[in-house]
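One structure is given below, encoded as structure tokens.
Here, residue 1 is the first one in the sequence, and each next residue gets the next number. Each ligand, and each atom within it, is numbered from 1 in the order the structure gives.
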Amino acid sequence: MSFDFFCVADNPTDYHDCFMRELIQKNPAEKEFHQAVSEMAKSVLPFIFEHPKYLEAKILERITEPDRVVSFRVTWEDDNGDVRVNRGYRVQFNNSIGPYKGGLRFHPSVNQSILKFLGFEQIFKNSLTTLPIGGGKGGSDFDPKGKSDREIMRFCQAFMTELSHHIGEDIDVPAGDIGVGAREISYMFGQYKKLSNRFTGVLTGKGIEFGGSLIRTEATGYGLIYFTDLILKHHGESLENKRCILSGSGNVAQYAVEKLIEKGAKVISMSDSKGMISIKNGVTREILAEVKKLKDNRGNLSELKMDGVNYHADKTPWGMDADYAFPCATQNEVQEEDAKELIKNGIKGVFEGANMPCTNEAVDLINEHKLYFGPAKAANAGGVAISGIEMTQNHMGLSWKRERVDEKLQEIMKEIHDKCVKYGERDGRVCYQTGANIGGFIKVADAMLAYGIN
Ligand code: NDP
Ligand code: 2IT
């Protein structure tokens with residue numbers, strides 16, 4: 001059996017099928033990675049066929065092979081004095097346009113397939129931000145739920161002891177993702193500083209006191225809504241008075257809700273891994289503050305007892321009547337059946353706050369029904385964009401004011417929107433999925449071409 005890529009096909013569809021057969025053979029049992037690559041390849045192959053230089057240089061074959069995947073043991077001690085062992089990873093996918101950049105996820109479901117799909121998508125997302133950052137992702141199957149603060153600290157320190165060999169402010173700059181927020185970043189930054197005896201911007205999402213950027217915490221959620229607003233405005237629509245269903249109740253969800261409220265929209269649901277809340281009259285600032293407090297203490301939405309808030313165990317919001325949907329929890333949370341339900345209920349747009357929250361079949365349905373669609377690579381790029389701006393501030397040794405960073409975030413989301421329109425416009429309609437994929441691909445592919453065969 002040969003693992004050398006060698007597809008010969010005279011059209012994008014056949015090339016995609018042959019390429020995917022080989023990719024699956026080469027990376028068996030990595031279904032999330034296959035999904036992310038197939039989605040991207042389908043979008044960019046017509047463009048690649050129009051520009052044979054990418055085909056001849058085997059850019060697709062090269063860009064789907066990570067530069068390296070590091071996997072390591074993390075040994076730590078729990079509060080009972082028992083020794084615990086987890087697995088840590090860092091996928092350094094592509095540094096053609098800048099140091100590897102992407103979050104760390106701590107969740108029991110973490111495996112190589114999930115981190116490879118996330119690292120792969122990060123390459124194009126980061127390219128779309130216009131900033132010089134490459135793509136990477138990492139994390140661990142460590143479950144922060146039910147752990148004490150001290151256990152989290154010991155785990156983060158043990159994780160960084162190993163990860164520190166592979167990162168650096170000009171090499172690879174991790175940040176947060178599911179299960180990794182300000183507290184975990186602080187423990188990891190403190191450990192890196194201690195091990196290296198250097199104070200550098202090796203992580204983003206840091207505390208404001210030690211090199212963090214204002215607005216980084218809010219950036220993904222705010223950016224998602226800025227991007228949604230741009231799509232809607234481009235089509236003469238707005239968010240005002242629109243009923244929005246949203247999943248998740250973590251970092252991305254919280255700040256998306258805050259911005260939606262500010263834009264005059266009505267958010268009628270939030271969720272977590274155990275169930276959802278429906279809020280008939282819309283989430284208020286008071287409800288949102290309680291959700292935040294609850295989630296900061298790692299509680300469940302079932303514990304939220306407030307007037308006008310109803311809890312539904314084991315439910316997702318996709319069966320509710322609404323104008324727009326914002327999946328902000330995790331991958332594949334909107335399946336084909338959910339998309340059918342959304343469409344049946346008259347949804348007008350889906351905007352992805354999470355990474356790959358819609359399955360490929362769900363996205364196909366969304367496109368077939370010509371709904372507005374904000375694909376994750378573009379729609380949630382605000383977080384990493386402000387991480388890039390945090391790196392810039394660290395390099396310059398200064399910190400920007402809140403207004404300046406927020407303005408920069410809006411400017412970047414606008415540039416991403418314009419790029420989606422530029423590369424996604426077909427027959428008078430903008431396909432944001434195609435636009436984001438091609439727009440993100442070109443810069444990285446051209447850099448790879450410039451480096452020759454390497
Ligand atoms: P958080 O850990 O802050 O919140 C995650 C939320 O999603 C929680 O409400 C959690 O519920 C829920 N969730 C997690 N796993 C599952 C699951 N398997 N099924 C159902 N619900 C689940 O993470 P973030 O808000 O940072 O991340 C959310 C998404 O946004 C992820 O896809 C992430 O990759 C993406 N993203 C994050 C960015 C960032 O800057 N943080 C940037 C760009 C994208 P519970 O509380 O019960 O665990
Ligand atoms: O998915 C993502 O873009 C993130 N988790 C943020 C990455 C970053 O480096 O800020």
Which part of [X] is near ligand 1, with near meaning a heavy atom under 4.0 Å away: side chain, backbone, both or neither?
X	answer
Ser247	neither
Gln122	neither
Lys295	side chain
Arg298	neither

Report task. May I ask whether Arg105 places a heavy atom under 4.0 Å from ligand 2? Result ->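 Heavy atoms of Arg105 never come under 4.0 Å of ligand 2.
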**Asked** So is Gly176 in contact with ligand 2, going by heavy-atom distances below 4.0 Å?
**Response**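 A heavy atom of Gly176 does come that close to ligand 2.
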Please determine, by modelled atom types, if [X] and [Y] share a side-chain donor-acceptor pair under 3.5 angstrom.
X	Y	result
Lys101	Thr204	yes
Tyr311	Asn300	no
Gln393	Ser399	no
Glu121	Asn355	no
Thr161	Gln191	yes
Asp79	Ser148	yes

Atoms of ligand 1, numbered as shown, that sit under 4.0 Å from any heavy atom of [X]:
X	result
Gly353	30 (O), 35 (C), 44 (C)
Cys328	28 (C), 29 (C)
Ala354	29 (C), 30 (O), 32 (O), 35 (C)
Arg216	40 (O)
Ser271	9 (O)
Gly248	9 (O)
Arg105	31 (C), 32 (O), 33 (C), 34 (O)

Got the closest protein heavy atom to [atom], with its distance?
atom	value
atom 14 (C) of ligand 1	Ile178 CD1, 4.2 Å
atom 7 (C) of ligand 2	Gly103 N, 3.5 Å
atom 6 (C) of ligand 1	Gly250 N, 4.0 Å
atom 10 (O) of ligand 2	Ser387 OG, 2.5 Å
atom 15 (N) of ligand 1	His107 NE2, 3.7 Å

Test your reading of the structure: does [X] have an N or O sitting under 3.5 Å from an N or O of ligand 1?
X	answer
Gly179	yes
Asn300	no
Ser249	yes
Asn380	no
Gln331	no
Lys274	no

Exercise. Does Glu39 reach the main-chain N or O of Val363 with its side chain, forming a donor-acceptor pair under 3.5 Å?
Worked result: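 Judged by distance alone, no pair lies under 3.5 Å.
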* Okay, side chain of Glu184, backbone of Gly181: is any donor-acceptor separation there less than 3.5 Å? ->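 Looks like yes, one N/O pair under 3.5 Å.
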- Of Lys137, Arg68, Arg90, which is the lone residue that meets salt bridge (Lys or Arg N to Asp or Glu O under 4.0 Å) with Asp172?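 Of the listed options, the one satisfying the test is Arg90.
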Exactly one candidate in Asp78, Asp141, Asp143 meets salt bridge (Lys or Arg N to Asp or Glu O under 4.0 Å) with Arg84; the answer is Asp78
Next on the checklist: Below 4.0 Å, non-hydrogen atoms only: which portion of Val173 touches ligand 2? Side chain, backbone, both or neither.
Outcome noted: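 Val173 to ligand 2: no contact under 4.0 Å from either part.
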Here the atoms of ligand 2 under 4.0 Å from any heavy atom belonging to Lys101 are 8 (C), 9 (O)
Which ligand 2 atoms, with their elements, are less than 4.0 angstrom from a heavy-atom of Gly102?
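What qualifies from ligand 2 is 7 (C), 9 (O).
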Aromatic ring pairing [X]/[Y], orientation class (parallel under 30°, perpendicular over 60°, tilted between):
X	Y	result
Phe72	His166	parallel
Phe93	Phe33	tilted
His235	Tyr372	tilted

Check your understanding: Heavy atom of Glu333 under 4.0 Å from ligand 1?
Key -> no
- [ ] May I ask whether Lys145 places a heavy atom under 4.0 Å from ligand 1?
- [x] yes
### Message
I'd like to know if Lys259 and Glu262 make a salt bridge, using a cut-off of under 4.0 Å between side-chain N and carboxylate O.
### Response
yes
Could you check whether Glu341 pairs with Lys344 (Lys NZ or Arg NE/NH1/NH2 to Asp/Glu carboxylate O, under 4.0 Å)?
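Judged by the 4.0 Å cut-off on N to carboxylate O distance, Glu341 and Lys344 do form a salt bridge.
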Paired with Glu390, the side-chain hydrogen bond (donor to acceptor under 3.5 Å, both in side chains) test is passed by just one of Lys206, Arg216, His395, namely Lys206
Original post:
What residue among Gln112, Glu65, Lys116 forms side-chain hydrogen bond (donor to acceptor under 3.5 Å, both in side chains) with Asn27?
Top reply: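 Between Asn27 and the candidates, side-chain hydrogen bond (donor to acceptor under 3.5 Å, both in side chains) is satisfied uniquely by Lys116.
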Which is closest to [atom] in terms of heavy atoms, [options]?
atom	options	result
atom 25 (O) of ligand 1	Asn355, Asn332, Val252, Asp177	Val252
atom 42 (C) of ligand 1	Asp272, Thr220, Thr330	Thr220
atom 3 (O) of ligand 1	Asn251, Asp143, Leu224	Asn251
atom 29 (C) of ligand 1	Ala329, Gly275, Pro357	Ala329
atom 11 (O) of ligand 1	Ser273, Ser387, Ala385	Ser273
atom 6 (C) of ligand 2	Lys125, Arg216, Lys137	Arg216
atom 8 (C) of ligand 2	Ala376, Ala175, Gly383	Ala175

Would one find more than 12 heavy atoms of other residues, nucleotides or ligands at under 6.0 Å from atom CZ of Arg298?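 Counting neighbours around CZ of Arg298, more than 12 heavy atoms of other residues, nucleotides or ligands fall under 6.0 Å, so yes.
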Q) Taking the six-membered ring of Phe199, is the NZ or CZ of Lys193 close enough (under 6.0 Å from the centre) and on axis enough (within 45°)? A)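 Cation-pi check for Lys193 and Phe199: fails.
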| Centre of Phe142's six-membered ring, under 6.0 Å away, within 45 degrees of the axis: is that where NZ or CZ of Lys147 sits? | yes
